[in-house]
Structures are given as structure tokens and as C-alpha cells.
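Here is the structure we will look at, set down as C-alpha cells.
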Protein chains: 2
Amino acid sequence: MKTHSVREQLLEHTLVLIRRRGFNGFSYRDLAELVGVKTSSIHYYFPSKDDLVLEAVREYSARTKERIHGIDASLPPAEQARQYLAPLRAGVGTGQACLVAMLCADVLDLPESIRQVMRDYVRMNEQWLARLFERAQPLRSTPYPVPPEQLAKVVYGALQNSMISGRLFDTSERLEAAAALLTGVIPA
Amino acid sequence: MKTHSVREQLLEHTLVLIRRRGFNGFSYRDLAELVGVKTSSIHYYFPSKDDLVLEAVREYSARTKERIHGIDASLPPAEQARQYLAPLRAGVGTGQACLVAMLCADVLDLPESIRQVMRDYVRMNEQWLARLFERAQPLRSTPYPVPPEQLAKVVYGALQNSMISGRLFDTSERLEAAAALLTGVIPA
DNA sequence: GTCTATAAGGCGATAGAC
DNA sequence: GTCTATCGCCTTATAGAC
């Protein structure tokens, strides 16, 4: 039987709560009940809600960084894209969107310390996609309709939005539309 | 000197409040102070917060419908796209995103009545873009990388996300990237 | 570390005077 | 229609016992 420290459990449940309800949509009470402690115990590990959310964004970002850096860059671009999309597809139906995309809606309530980590997260994803498009470009017969950096911003934005709006519609149409464009501009 | 009924003022300020802070990010107190009434007066016009937000989404949707239906379909596709994008560009720097995109992050807290109007809004925009792409298709030398309906979902999603994330970054890069793809796939 | 108890204020909503 | 007053509950956060 695996044991997890209270701190680890708090962070793990916070990730899910933010990805479902956003910064203003969950409380210390919600979190305390999930972990089985009192709200005052949360303050022992994370003095303020901003502290808790900052650590959650750092953890989320670190996991994503490890994941996309773990994708073998020598693989065919289409296969790299497939691996990038896999966890997004796995999230369909869970009610969870990207943590940074959710926090983006509440950004006017967040301190600069959190915003900085959020910006780094978005840029990391955009840059990974941009490099993928750059590597795939020589394999194409025609140039992209827009430069790789712009194409990366569009595809990443569409993916982020598709996970948010996927909870409004009971379908993964929008995620698959963005995925189709991503793989569609990359030679097989 | 223009006079606006209290109800009109409440609705107008609600539009801005939601577009800035989202459903869970504004209160009757915020709204009452902006209009200069007491919170109990808001309940006279809108018994519950759900009632208020439902009317706000309906009003927002009606305005958008009138606007995009007012774009002359016989104009060159690129000019239609420019007119579609104009109000999005005008919103840059105001801290306001699309009302429906903001509510999408809080969708787990919203009743089905509001969700239905939100779905209609998204479909209306996607369909308008899809028809634009369909009309522009014969003018192109090569086919789109994905069908017009999918391209519409991707471009619309990227536009929605660009207005949300535009508050995180102090730039309209992402809006302009989506705009560049939109106009880039349409012959001049 | 975790608890009980509590502070200090915000929330949506209602009753009833005017 | 708009107000005052208030209800019941929720929120983040702190003090201090164990």
C-alpha cells in the first residue's frame, strides 16, 4: 500500500480542483474534505491560497516539462505529435482542462509570482510545437500558411480552448479538430 | 443626456464584470456599487445570480448575432474576416475576453439553461466561419489542410483562447497569430 | 503536525417598511 | 422600486491547546 505525505495529497487534489473549477471555484474546505484533514492543517503547509496555487502551478509545469522533453526528437514529427496529444486525449470526459488555461480566466485575481510561472508554461509548449513545425517544414511540398512560431501559437491556443469548451459540449470534436490540423500540416 | 433604466445599467455592467472576472469572480456587491444601488435592488430585477447571468448571455449572444449577420456576405472573404475580427482587436488591453469563453471556465457551476445559450453562441460563430471558408475554398489553388468545419473550430478556439491569455501576456501576438491564419488561408 | 475555536468579512438571498 | 435590516452560510486566515 503506497503512502503519500499529507503535503503530496494536498498538492495532488489541488491540481484536480483547479483543473475542474478554477481558482475562484474551489475552497480550503473542499480540499480539506478530499484529503481528510481540517482546513487549518492546510495553512500549516501552505500559509495562503496563493502559496498553494503557486506550488500547484510549479508542480504541473515541472511534470509537463519532463513529459514533452521526454519525447524523442528523432522520431517522425507525426509520431511526436501523437505523443504530445496523448494525455490531452486521456483527459476527455474527466471534466479537467489544462491547469494554466483555467487559471488564465482568473488571472486578474492572481499575483505576479503565479503569472510568471504561467507565462513560462505557455511559452514552453508553444516553443516545443514551433520546433516540431520547423523540423517538419523541409518535408513539406508547400510552405505553411503562416510561419511555424505563429502556427504553434494558433494550434496551442486551439488545444487549450478545446479542453475548456469540451466540458460544455459532450464531445471531443474541438480537440480532434485541433489535433487534425496539427497532424494535417505535418507530413506522414 | 442619455438615460438608461436601472435594469439596462445592471445588464451592461454585468457584461463587463463577467468578461473580466468570470462567474465566480464578481458579486452582487461589485455590481451594486458600479450602478449605485443596493444589492437588494438587483434581486428585484434578477431574483437569482443565475437569472442575471442567463440574461447577460442572451444579450451578449443577441448582439453578436446581429453583428455577424450584418456582415455583407457578398464582400470579398478577406474583408468579411477583417470585419469579424474588428471588435476582437478593439477589446485588446481592456482586460475583457469573450463572455462565453469566460463562463466556459466556470461551466461546472452553471445550470443547463445557461449552458444551452452558450452552446448556441459557440455554434453560431463556428458556423459563420465555416461558411466563410466554404465560400473561399473555390478561390484557392490547393485544398485546406482540414475541412472547412474543422478549420472553423480551430480558428474560433484559437481566437477565444487568445482573448483569455491576452491578459496574461501584455501583447496581442496570439490574437494576431490566429487572425493571420484566418486571413492566410483566404485568397486576397 | 493536527486539532478546536474563532475571528473578520464576503456571499446570495429574503422580509418588510416606505 | 428602492431601501434597511438581517439571515444562514461560506470564505481565508490565525491563536493556541495537545
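Letters A, B, ... are given to chains in the order of the sequence lines, protein chains preceding strands, and every chain is numbered from 1. Atoms considered below: every heavy atom in the structure, side chains included; atoms not considered: hydrogens, waters and symmetry mates. Bear in mind that the values here come from a model prediction, so they are computed numbers and not experimental data.
- For the pair B:H43 NE2 and C:dG12 C1', the computed distance is 5 Å after rounding to whole Å.
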key: Step-by-step side-chain hydrogen bond (donor to acceptor under 3.5 Å, both in side chains) determination, A:Y84 to A:Q80   = CA-CA 6 Å; A:Y84 180 82; A:Q80 291 184 56; over 6 Å; no
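- Atom OH in A:Y28 sits roughly 18 Å away from atom P in D:dC10 (whole-Å rounding).
- Between the P atom of C:dG12 and the CG atom of B:N24 lies a distance of 9 Å, rounded to the nearest Å.
- The line from CG of A:L75 to CZ of A:R82 is 9.0 Å long, rounded to the nearest 0.5 Å.
- Separating the CZ atom of A:F46 from the C1' atom of D:dT12 is a distance of 16 Å, rounded to the nearest angstrom.
- Using a 4.0 Å cut-off, no side-chain N or O of A:K38 falls inside it from OP1 or OP2 of C:dT2.
- The interatomic distance linking B:Q9 (CD) with D:dG1 (C1') rounds to 14 Å, in whole Å.
- A straight line from CG of B:L31 to P of C:dA13 spans 13 Å, rounded to a whole angstrom.
- Side-chain proximity of B:R29 to C:dG10, C:dA13, D:dT4: nearest is C:dG10.
- Counting any heavy atom pair closer than 4.0 Å across all strands shown, B:S27 reaches sugar-phosphate atoms only and no base atom.
- Side-chain N or O atoms of B:T183 include one that pairs as donor or acceptor with a backbone N or O of B:A179 at under 3.5 Å.
- Looking at the side chain of B:S48, the nearest of the listed nucleotides D:dG1, C:dA13, D:dA13 is C:dA13.
- One N or O on the side chain of A:E8 and one on the backbone of A:S5 form a donor-acceptor pair closer than 3.5 Å.
- In this structure, B:Y44 does not reach the C:dT14 phosphate: none of its side-chain N or O atoms is under 4.0 Å from OP1 or OP2.
- As judged by a 4.0 angstrom heavy-atom cut-off over every strand, A:F26 is placed among residues touching the sugar-phosphate backbone only.
- Side-chain N/O atoms of B:S41 include one lying less than 4.0 angstrom from OP1 or OP2 on D:dC3.
- Among the nucleotides C:dT4, C:dT2, C:dG12, the one closest to the side chain of A:S40 is C:dT4.
- A straight line from CD of A:E33 to P of C:dC3 spans 13 Å, rounded to a whole angstrom.
- Side chain of A:K49 to main chain of A:F23: a donor-acceptor pair is present (N/O by atom type, distance under 3.5 Å, no hydrogens or angles).
- For the pair A:F23 CZ and D:dT12 C1', the computed distance is 10 Å after rounding to whole Å.
- Nearest-nucleotide assignment on DNA chain C puts the 5′-proximal partner with A:V37, out of B:K49 and A:V37.
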